[in-house]
Amino acid sequence: MKKSLRIALAGNPNAGKSTIFNALTGDDQHVGNWPGKTVEVKTGYFQIDDLKVEITDLPGTYSLSSFSPEEEIARNFLIQEKPDLVINVVDASNLERNLYLTLQVLETHVPTLILLNMNDVAERRGLTLNTKLLSEKLGGVEIIQMTANKNFSGDELKRKIIATAGTQNDLHLEYPKPITEIIDQLVPVIRQEAGLKIYDPTHLAVQLLEGDRHLIDDISLEAKNTFSKILGKSQENFEEDISIAIADHRYKIIQGITEKVISRKKGDVSFSDRVDNFVTNKFFGIPIFFVTMYIVFQLVQNVSAPYLDWIDGVFTGPLTHWATTFLIWVNAPDWVSSLIVDGVLAGVGGILVFLPGLFMMYLLLAILEQSGYMARAAFVMDRFMNKARLHGKSFIPMILGFGCNVPAIYATRTIKKPEARILTSLLIPFMSCSARLPVYLIFGMAFFPDKSNIVIFSLYLLGILVAASIGIILSRTLFRGETLSIMVMELPPYRLPTLSSILKYAKNQSSKFVKNAGTIIVVFSTILWLLLNLPWGVQNARDSYFGQVSNSIAPILAPAGFGTWEASGSLVTGLVAKEIVVSTFAQIYHIPQEEIAESDLGLGLEFKEIAVGFGEATILAGKETLEVFTPGITLFPDEELREDIGLSKALRSSFTPLSAYAFLVFVLLYVPCAATMGAQKQEFGWKWMTVSIAITLIVPWILSVLVFQGGTLLGLG
Amino acid sequence: MLINILKSIRNNSGTISLTDLSKEFNIEISLVEQMLNTLERSGKLIEIKIEGTENCTSCEECPILNNCSLTDIFQEKRYQLT
Ligand SMILES: Nc1nc2c(ncn2[C@@H]2O[C@H](COP(=O)(O)OP(=O)(O)OP(=O)(O)O)[C@@H](O)[C@H]2O)c(=O)[nH]1
Ligand SMILES: [Mg+2]
């Protein structure tokens, strides 16, 4: 009898191989790389009686073809190293899926022991497995059941290992006749080749038919030619490829086995299935998605409003006061004070007020994502996009565009067809990126205080509709001949999101926003302040260089209802980045420092005021959040009307609700930002960037004019 | 079986989910997953990944607004007919 054994663990990813490996070997293991590959392979040892066993933890794979380095390593190990035994670790809760690899392992005719693991999970899912029958169906292979991470029975396993090592496994898969005929032609050729002696001839024949041609790279030219002839003819007689026919046959066998071996507790449609039936329903899917997003915006708005007042109060009150006091104390020249107070503080403050709202939005998106709903929503939207005749792959970049258009443009690289790629990149700017949300929020609150969520929601929707319409138009004119392709996607199970992970996500995203406000916005506010004050000493901002340029553009925008220099100026600066639209308004409408009533509360009282304000805002936000979930019922009657922030008042002096909405439509649809243009130029060149800019100037103009003129006709003006 | 799944995907006019397929053929989702995996190997389907974003010097450094908040959606696998 041999004094040592070499065995291996093979199985699907996450089946529990390493758990078993660790339990068997303890500390006696080392990690090595497979020659020429970066995939880690662990080897370890254990002793039983006077037998030393070397055990290799193979990488987890779903099959044994050479599709990936992992699979190649696993297969080569079984075939070339000819271990005394392979322990096939099988996830009992997922038998259907795991058996594919099991069949392939058995086809190599290496001695095999099946370790049915994860029995606790199988039990929880109401599955009972008849292992005796399973063993029978698999040619009498030995099977042991286990829950490796809870009660690992090492001794039983070790005994079984000794008993099974070196035994023959007798499974012979009978393939259908057309396949067997070809195998029968291949086998004699394989037998004759000295270089192929290590292989089981039938198994090698099957592998060749499955496409692993490189297995015969190193054989004589003569034999190669014979193989090519046979393999070349092998495709006849098959509806699809012969490789599909072989795989199809394995699946038939698997189904035949699982039908008999698994018994399920009947009648329990899983929670996940029940929810999915509803959420991804052909008719309800989209409405449900819309309602969900509506609630999200409602919450974002309800949380935003109170904090917005508070942060605005802090910026225009104490912060400005402190800055002014400090600047007077250090004897700073007037222009420095103006730059800091009217420029930087106003600009940055104008943006930072949105932080609580955005934080809320990130929080909600993280919840939707981690619970598994986002994947469903994406699926539902997917179907919708397909109807709009968009290339299936367009969808990912388009959805990415809701976050930020720039990575979305780069993501179009997944689309191989150049026309489809360009088309998608032309539509991305219509996806409402998160930088546009502050603009919607500030206008929403100023003009539509009770329905700003509907307004915001309608804008997102409009973006999608415009993208879809333009997609349809372009795909029938400029980009004809683009065929549809169908997508299949996976829906993850529903999970309960963890508080720590959603908070972490929201925190990360928010800190990016703050960083942005601290860099780009500061720089840009400074530049804008300069432009608003040149020629030096200009009294009225309208007469500044910036005002003059903006004013010359204004008439073009007049038909859309916002032909003021302030509006056109903000749109011009918004070309740099959309949130700058807001900071520009904040700077333009900023009440110069001298006019602020000197508040002399003293530092302590001011701090107290800030803290009290925060507390009040939090309570108010909490109340309003609760009310979202009790539609129609007023839990907390409004004690007083919320005070307006200065910017809202200023905006109301130059917009009507109708022109404000037309303005938002314009903001939604016009050139997203400098970075997006840059990305388009880099990816598609000047020509397509120009086309894109043209589209994103003409389309918003037409639509905002339509909104304003249409609205006026309807008497909404 | 595998062939029928392939046919069903081809005949469908739009996106279908693994759940749809699992219901249509009355098989476990995990088996559908494995079959799609096989179809991918034989070149009938390709998995769609977000490649190409490598040129974005990571979202962290996205020049303008780096809150590409929806990237996480794409943990899920998507396949497309070739
Ligand atoms: N519930 C349960 N969990 C198990 C069982 N066996 C292992 N696990 C857990 O399943 C997870 C995956 O186990 P691993 O041993 O790492 O799986 P693996 O087969 O080595 O996975 P790869 O290396 O990715 O191929 C771990 O978290 C284990 O703790 C079991 O019988 N029941
Ligand atoms: Mg492992």
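FYI, side chains are in, hydrogens and waters are out, and symmetry mates aren't considered; it's all heavy atoms of this structure.
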Structural part of Asn4(B) lying under 4.5 Å from a heavy atom of chain A: neither

If one checks every heavy atom of Ile5(B) against chain A at 4.5 Å, the contacting part turns out to be neither

Who wins among Arg250(A), Gln255(A), Glu210(A) for the most heavy-atom pairs under 4.5 Å with chain B? Gln255(A)

With rounding to the nearest 0.5 Å, note down the distance linking CZ in Arg41(B) to OH in Tyr62(A). 10.5 Å

Side chains of Gln34(B) and Tyr251(A): closer than 4.5 Å at any heavy-atom pair? yes

Greatest number of heavy atom pairs closer than 4.5 Å to chain A - which of Leu6(B), Asn37(B), Thr38(B): Thr38(B)

Going from CG on Leu2(B) to CD1 on Ile246(A), what distance comes out if it is rounded to the nearest 0.5 angstrom? 11.5 Å

Answer yes or no: is there a side-chain heavy-atom contact under 4.5 Å between Thr19(B) and Thr280(A)? no

Side chains of Glu33(B) and Glu96(A), heavy atoms from C-beta outward: is any pair under 4.5 Å? no

So CD of Glu259(A) and CD1 of Ile27(B): to nearest 0.5 Å the spacing works out to 11.0 Å

At what distance, to the nearest 0.5 angstrom, does CD1 of Ile242(A) lie from OG of Ser42(B)? 12.5 Å

So for Leu21(B), is it side chain, backbone, both, or neither that comes closer than 4.5 Å to the heavy atoms of chain A? side chain

pair Glu240(A)-Lys44(B): side-chain heavy atoms closer than 4.5 Å: yes

Salt bridge present between Glu28(B) and Arg125(A) (N-O < 4.0 angstrom): no

Quick check for you: among Ile29(B), Leu39(B), Leu18(B), which has the greatest number of heavy-atom pairs under 4.5 Å with chain A? Leu18(B)

Ile244(A) and Ile3(B): which non-hydrogen atoms are nearest, and at how many Å? CG2-CG1, 3.7 Å

Distance (rounded to the nearest 0.5 Å) between Asp91(A) CG and Ser30(B) OG: 8.5 Å

Is any side-chain heavy atom of Leu31(B) closer than 4.5 Å to a side-chain heavy atom of Arg97(A)? no

